[in-house]
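Reminder, nothing fancy here: chain letters follow the sequence lines and each chain counts from 1.
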There are 2 protein chains.
Amino acid sequence: MGAEGQQGGQWADVTPDAARRLVTAAVEAFAERGYHATTTRDIAGRAGMSPAALYIHYKTKEELLYRISSVGHRLALDILRRARDSAGSPADRLSEAVRSFVRWHAEHHTTARVVQYELGALGEEHYAEVVALRRDTDAAVRAIVEDGVASGDFGTPDVPGTTLAVLSLCIDVARWFNAEGKRTPDEVGELYADLALRMVGYAGK
Amino acid sequence: MGAEGQQGGQWADVTPDAARRLVTAAVEAFAERGYHATTTRDIAGRAGMSPAALYIHYKTKEELLYRISSVGHRLALDILRRARDSAGSPADRLSEAVRSFVRWHAEHHTTARVVQYELGALGEEHYAEVVALRRDTDAAVRAIVEDGVASGDFGTPDVPGTTLAVLSLCIDVARWFNAEGKRTPDEVGELYADLALRMVGYAGK
DNA sequence: CACCTCCCTAAGCGCTTGCTCACCTCGGGG
DNA sequence: CCCCGAGGTGAGCAAGCGCTTAGGGAGGTG
């Protein structure tokens, strides 16, 4: 109940009201069944409207997916960049990056699921745009890891590979996280921050 | 080219020949576009047959997915159980489990993609069967981690959580691995075996 | 009051989907 | 020589798809 209600916060600046109801309905439906298995009638129905109303606010079903994907990717990228640019040691910054990135994936796991696993359904141009954002995401984490290796705080033989693995681990939270499970987003974030530090070979504590 | 040709080995015991061609065609199509975006005409076409021929060998499109998912899950489970039951220290066994599990996900990433990411499209009964296999998968890895903690070789505060994370990390290889990329399945397996040992807090070497 | 704009709906178009059915082909046994 | 079953095809059905169109009602403005 209402656990996903906070999701409204993510789409607060989508107007008018009907467009926002449509986008949140689409997130739920895409996350549950996947983009291709979701019908425009289903989305409109969840939003309490007739099928045709969808096309007043969005040109196509794909545009709805693109809006979700674009907003989600930018939100995730901001989280990582904020951590990268924060004060503190590389360990502090990596820990904060993983903690907040994982927390977002768990808290908003419906949105995250669509963002991370449905991008293959995007049109060519939209896909290219999103792939560029994902490269930036990778670069943000790699910058932190490189800082740590340079300062001697981290010890890993393969920086790009380890970066990829850390990101992969975080992203996959969206796949398995269940709101009814026993772990809270905060707990998972804490656990994963610790695991990430071990992965990069952080010795201190 | 032909990197996926080895895939024939996974389906060698599917007879007759036409049924095998259909299942490998379906694996390729499902991995590329996803189950719901793949048409029976596409599968039959890749196998060099008319759309109707599919229904001589399989009752529905869903049964085709089930066959793939079932075989794949059993293969993956066998790999982990063999590692769990092998001789050697917990570190040796965890290392071997992750190495071979990851190698399988990379080498057969098309099959693995279908196995790991399309199970939501299964019918209820088939889904339940596959979920049971996945629980066994988790149990196999957890047994190794518990052994390591009991013997004092590993040091992790959260055994189920760390087990989940290690498995999640391995599974996600199927999502990002690209046969044209610069990493070979062997290299990724080696890197990940090392990362997994760090994650469970393995001190020795 | 007339009028315009913004949302919205009912109906439905053209197409594709998973799947079926009547029929064909062909190698092997009586 | 005929028949038969296994494996295949071409045509096509009912249902559901994304999306369009014609039109209606509510609310603000002259």
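Per the geometry, CG belonging to A:Leu54 stands 16 Å off P belonging to D:dT21, to the nearest Å. Distance CZ (B:Arg41) to C1' (D:dG8): 17 Å, rounded to an integer number of Å. Atoms CD (A:Glu63) and P (D:dG18) sit 15 Å apart, rounded to a whole Å. As a whole-Å value, the separation of A:Lys61 NZ from D:dT20 P is 14 Å. Remark: P of D:dG18 and OH of A:Tyr58 are 17 Å apart, rounded to the nearest angstrom. Atom CG in B:Leu22 sits roughly 14 Å away from atom P in C:dC19 (whole-Å rounding). Straight-line distance from the OH atom of A:Tyr55 to the P atom of C:dG12: 19 Å, rounded to whole Å. To the nearest angstrom, C1' of C:dT17 lies 17 Å from CD of B:Glu62.
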Without placing hydrogens or testing angles, list every side-chain donor-acceptor pair under 3.5 Å for residues 68-75 of chain B, not counting sequence neighbours.
residue, atom, partner, partner atom, Å
B:Ser69, OG, B:His73, ND1, 3.4
B:Ser70, OG, B:Arg74, NE, 3.1
B:Ser70, OG, B:Arg74, NH2, 3.3
B:His73, ND1, B:Ser69, O, 2.9
B:His73, NE2, B:Arg134, NH1, 2.9
B:Arg74, NH2, B:Glu129, OE2, 2.9

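Using a 4.0 Å cut-off between a side-chain N of Lys or Arg and a carboxylate O of Asp or Glu, A:Asp153 and A:Arg93 do not qualify as a salt bridge. Ion pairing between a basic and an acidic side chain is recognised when a charged N comes within 4.0 Å of a carboxylate O; B:Asp85 and B:Arg81 show no such pairing. Taking the charged nitrogens against the carboxylate oxygens, B:Arg99 and B:Glu96 do have a contact shorter than 4.0 Å, which makes a salt bridge. At a threshold of 4.0 Å, the pair B:Arg82-B:Asp78 does not count as salt-bridged, since none of the basic side-chain nitrogens sits closer than that to a carboxylate oxygen.
Residues A:Ala37 and A:Lys59 each lie close to DNA chain D; by heavy-atom proximity, the contact nearer the 5' end of the strand is made by A:Ala37.
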Legend entry - Under 4.0 Å protein heavy-atom contact, by nucleotide of nucleotides 3-11 of chain C - B base, S sugar-phosphate only: -----BBB-
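By the 30° and 60° cut-offs, the orientation of the rings of A:His126 relative to A:Tyr66 is parallel.
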